[in-house]
Amino acid sequence: FYAAIMVAGEKKIREKIEDSGKVYERFGLTPMQGRIVAYFTHSDSPEKTFEEIVDFFGASKSSVSNSLNHLLDSGIADYRTYASDRKRYFYLTDRFFTVFFRKVLGNVNELKAHAYRAVSLRSPEHPEASETILKWIGDANLIGGRIEKALSEIQEEKG
């Protein structure tokens with residue numbers, strides 16, 4: 001009976017990780033990267049070894065390694081070691097949302113640059129189309145400014 005409860009519990013956790021992983025994919029992560037982030041958020045232990053991650057997902061070492069390297073490079077994850085152990089213990093940092101919103105800000109700025117180029121090439125024959133594009137640029141300025149302000153406030157809080 002206890003084993004059946006454990007299996008059902010593990011199945012629910014795996015389903016939650018799968019669902020959460022899909023959400024993280026919308027933030028620009030690959031499926032494996034998203035599931036690793038979800039694994040950390042749903043696990044009681046804040047640290048996992050490389051082997052634990054590979055074993056949990058049954059994925060190739062290469063896939064897990066590439067995903068962890070991306071999470072490390074982007075600042076979403078980090079690791080620590082302990083003197084008594086040669087293993088690296090990976091954990092999530094508090095930077096996920098700042099990493100994501102910096103990407104959003106970059107995309108907003110790229111969109112604005114394309115919109116400026118587009119409106120500068122338009123003929124004066126259809127000013128309503130140019131006005132629409134200029135409205136997009138205004139909206140992008142508003143959104144970008146608010147994201148920049150929020151990121152600055154977060155940075156100030158971290159000191």
Side-chain angles (χ1 to χ4, degrees), residues 6 8-119 133-159:
M6 292 296 290
E10 183 176 330
K11 183 178 179 190
K12 279 192 172 201
I13 294 233
R14 286 184 179 279
E15 287 172 0
K16 286 180 181 180
I17 289 170
E18 183 68 22
D19 289 344
S20 294
K22 290 176 183 174
V23 171
Y24 292 122
E25 283 180 57
R26 292 185 215 143
F27 288 85
L29 299 178
T30 66
M32 180 54 72
Q33 293 163 0
R35 279 146 189 82
I36 289 173
V37 171
Y39 179 47
F40 279 105
T41 62
H42 286 21
S43 292
D44 285 337
S45 172
E47 298 177 340
K48 298 290 181 190
T49 65
F50 179 77
E51 293 78 16
E52 288 174 312
I53 298 167
V54 169
D55 289 346
F56 181 83
F57 288 105
S60 72
K61 289 181 179 181
S62 173
S63 175
V64 171
S65 178
N66 289 335
S67 294
L68 281 173
N69 284 332
H70 174 79
L71 295 173
L72 290 167
D73 290 344
S74 64
I76 294 170
D78 204 351
Y79 71 90
R80 62 179 58 92
T81 58
Y82 298 99
S84 62
D85 194 352
R86 292 175 40 139
K87 294 180 180 181
R88 294 192 302 173
Y89 290 83
F90 297 92
Y91 61 93
L92 294 180
T93 68
D94 63 352
R95 293 191 57 217
F96 179 78
F97 283 98
T98 58
V99 167
F100 171 73
F101 281 107
R102 286 194 197 290
K103 285 183 181 180
V104 169
L105 189 56
N107 289 339
V108 167
N109 289 332
E110 185 176 358
L111 176 64
K112 281 189 334 188
H114 284 280
Y116 276 124
R117 279 194 294 276
V119 81
I133 296 170
L134 290 171
K135 174 71 171 108
W136 295 349
I137 293 168
D139 292 347
N141 285 332
L142 179 67
I143 291 166
R146 290 193 177 161
I147 292 172
E148 285 176 0
K149 183 176 187 246
L151 290 171
S152 293
E153 289 173 6
I154 290 168
Q155 190 64 38
E156 286 175 16
E157 288 176 5
K158 291 181 181 182

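Owing to the predicted nature of the structure, the values given are computational and were not obtained by experimental measurement.
Side chain of Ser20 to main chain of Ile17: no donor-acceptor pair is present (N/O by atom type, distance under 3.5 Å, no hydrogens or angles). The backbone N or O of Ile76 sits less than 3.5 Å from a side-chain atom of Thr93, completing a donor-acceptor pair. Looking only at distances, no side-chain donor or acceptor of Ser63 sits under 3.5 Å from a matching main-chain atom of Ser60.
In terms of heavy-atom proximity, Lys87 sits nearest to Thr49 at CD-CG2, 4.0 Å. In terms of heavy atoms, Gly21 sits closest to Ala38 at N-CB, 3.7 Å. Closest approach of Ala140 and Val108 over heavy atoms only: O-CG1, 3.5 Å. In terms of heavy-atom proximity, Ile36 sits nearest to Ser67 at CD1-CB, 3.7 Å. Across all non-hydrogen atoms, the minimal contact from Ser43 to Lys48 is OG-CE, 3.4 Å. Considering every non-hydrogen atom in both Ala59 and Val64, the closest pair reads CB-CG2, 3.9 Å.
Within 6.0 Å of CD in Gln155 there are 12 or fewer heavy atoms belonging to other residues, nucleotides or ligands. By the 6.0 Å contact criterion, CZ on Arg80 is enclosed, its count of non-hydrogen atoms from other residues, nucleotides or ligands being greater than 12. Within 6.0 Å of atom OH in Tyr91, more than 12 heavy atoms from other residues, nucleotides or ligands are found, so the atom counts as buried in its surroundings.
The aromatic rings of Phe100 and Phe96 sit parallel to each other, their planes meeting at less than 30°, with 60° as the upper class boundary.
With Phe50 as the aromatic partner, Arg88 does not meet the cation-pi criteria of under 6.0 angstrom to the ring centre and within 45 degrees of the ring axis. Geometrically, Arg14 engages Phe56 in a cation-pi contact, judged by NZ or CZ lying under 6.0 Å from the ring centre and within 45° of the ring axis.
Taking the side chain as every heavy atom from C-beta outward, Leu151 and Ile147 approach each other to under 4.5 Å. The closest side-chain heavy-atom distance from Tyr24 to Thr30 is not below 4.5 Å.
Aromatic pair Phe40/Phe90: centroids not less than 6.0 angstrom apart. Tyr79 has its ring centre no less than 6.0 Å from the ring centre of Tyr89.
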For side-chain hydrogen bond (donor to acceptor under 3.5 Å, both in side chains), just list the numbers for Tyr82 and Glu47, CA-CA rounded to whole Å, side-chain angles, deciding distance to a tenth of an Å, and then say yes or no. CA-CA 12 Å; Tyr82 298 99; Glu47 298 177 340; 2.7 Å; yes
